[in-house]
Amino acid sequence: MDNGSQMANISNTGIGHFISDFGMLVLDLIPQSAIRNRKLENMLLDPFRRKINYLRISVTDRCNLRCRYCMPEEGITIIPHEEILTYEEILRIVRVFAIEGISKIRLTGGEPLVRKGIVDFVSRLSQIEEIKDLSLTTNGILLKEFAQDLKKAGLKRINISLDSLKKERFFQITRKDDFESVWAGIEEALRVGLFPIKINMVAIQGMNDDEIESFAQLTLHLPLIIRYIEYMPSGNGEDWKEINMLTIPQIKSRLENVGKLIPIPSDRWDGPAKRFRIEGALGEIGLIGPVSSHFCDDCNRLRLTPDGKIRTCLFSDEEIDVKELLRNGGSDRDLKGQLLVALKNKPERHTINTHQFKKCQRNMSAIGG
Ligand code: SAM
């Protein structure tokens, strides 16, 4: 790299537990042999008949970056160690929830790779039979060190957050001079065969909007999925202003300067991203618009915070505690009960863009973005 503001040289590089009436599992209607054989697909439905099969787990609220739109420079008040769920506790929650129908797990934070023992934890999670999809979201700083071990531990795919391809700007956004570490992490993830590798870019007007096209160009020669995410009103970072938000239609029209966008049909593990490929490209584009086109109708997720609260929506402060239950001798049945309470309370949609909207109390890092 010649100087700080130059772009980095990257070109080389069945009705199982069917919930009919909330709070009631119609478990008894199902033949025991079917449960033993797990022949029927378990299903968790919320009051809006959405199938909930995805749990995002924030394993820590600690982060080694201070992205301006997420956190103040001095950080945020951290959750005391003793309040953070142990890996054993998380594994117990996952095992119970997995039997009920959770089959997709994403580990996030804070920064999940800063938590000690994360590789072993991934390995234990990957052995839970019902978990069919296990992924992790990282800022990539420690990825070079961990990619190989994570892959061996059973992690298949990874999401890496990166908002600039310019060293100097990366520093301005994150307040850490670590662009090269992240890029080395991406290269290592490619080398060890984590697949797919998704790069998440939060596009903000006046911050990095001039790099929308450069990110897309990466897909021409690298098998990366570049995902553009609308800036959301959350976190304790610098104030969210609608004026700074680039909507997905605005981003999409910029991408059309790079090449023809060919839609890709979604598959069953796709989240809310609308998928495209630039004609002739090796990689893909994903567009995620939680603000401009809320995808709440298809929301399939719950979140688990580092201190053991289930959250029903990123933008709702409604939390259902499971830690107290675990630490006070609660049974697996009690845990299932809390899962059902969470399902029952899952809101139909977020209220961003309405006058009812209130920024949530917790920072993104303590929820699991
Ligand atoms: N440390 C990990 C990482 O960087 O991917 C996981 C946690 S981080 C909170 C998860 C994602 O949330 C990052 O991609 C980050 O850019 C995104 N994020 C944080 N605040 C956001 C906001 N206000 N709007 C949109 N995305 C945000």
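Numbering of ligands and ligand atoms starts at 1, following listing order.
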If you measure every N/O of [X] against every N/O of ligand 1, is any gap under 3.5 Å?
| X | value |
| --- | --- |
| P233 | no |
| M232 | yes |
| Y231 | no |
| T108 | no |

Got V291 and I248 here, is their nearest side-chain heavy-atom distance under 4.5 Å?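 Contact flag for V291/I248 side chains = no.
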L125 side chain near V94 side chain, heavy-atom distance below 4.5 Å: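 Contact flag for L125/V94 side chains = yes.
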Look at the aromatic rings of F215 and Y228 and report parallel, tilted or perpendicular, splitting at 30° and 60°.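 Ring orientation of F215 relative to Y228: perpendicular.
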With no hydrogens and no angle check, do the side chains of S331 and D334 hold a donor and an acceptor under 3.5 Å apart? yes
Verify the neighbour count for atom CD of E73: are there more than 12 heavy atoms of other residues, nucleotides or ligands below 6.0 Å? no
Would you find more than 12 non-hydrogen atoms of other residues, nucleotides or ligands less than 6.0 Å from K274 atom NZ? no
Using heavy-atom distances, let me know which of G109, G140, G110, S161 sits nearest atom 2 (C) of ligand 1.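 Of the listed residues, G110 has the closest heavy atom.
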If the test is side-chain contact (heavy atoms from CB on, under 4.5 Å), which one of V202, N139, V182 qualifies with L162?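 The option that passes is V182.
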Ligand-residue contact atoms, ligand 1 with T137, heavy atoms, under 4.0 Å: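 The atoms of ligand 1 under 4.0 Å from a heavy atom of T137 are 2 (C), 3 (C), 5 (O), 6 (C).
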Heavy-atom contacts with E230 under 4.0 Å: which atoms of ligand 1 show up? List them by number with element. 25 (C)
Please work out whether any backbone atom (N, CA, C, O) or any side-chain heavy atom from C-beta onward of V202 is under 4.0 Å from ligand 1, and answer side chain, backbone, both or neither.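 For V202, the contact with ligand 1 is made by the side chain alone.
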Side chain or backbone of T138 under 4.0 Å from ligand 1, or both, or neither, by non-hydrogen atoms?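 For T138, the contact with ligand 1 is made by the backbone alone.
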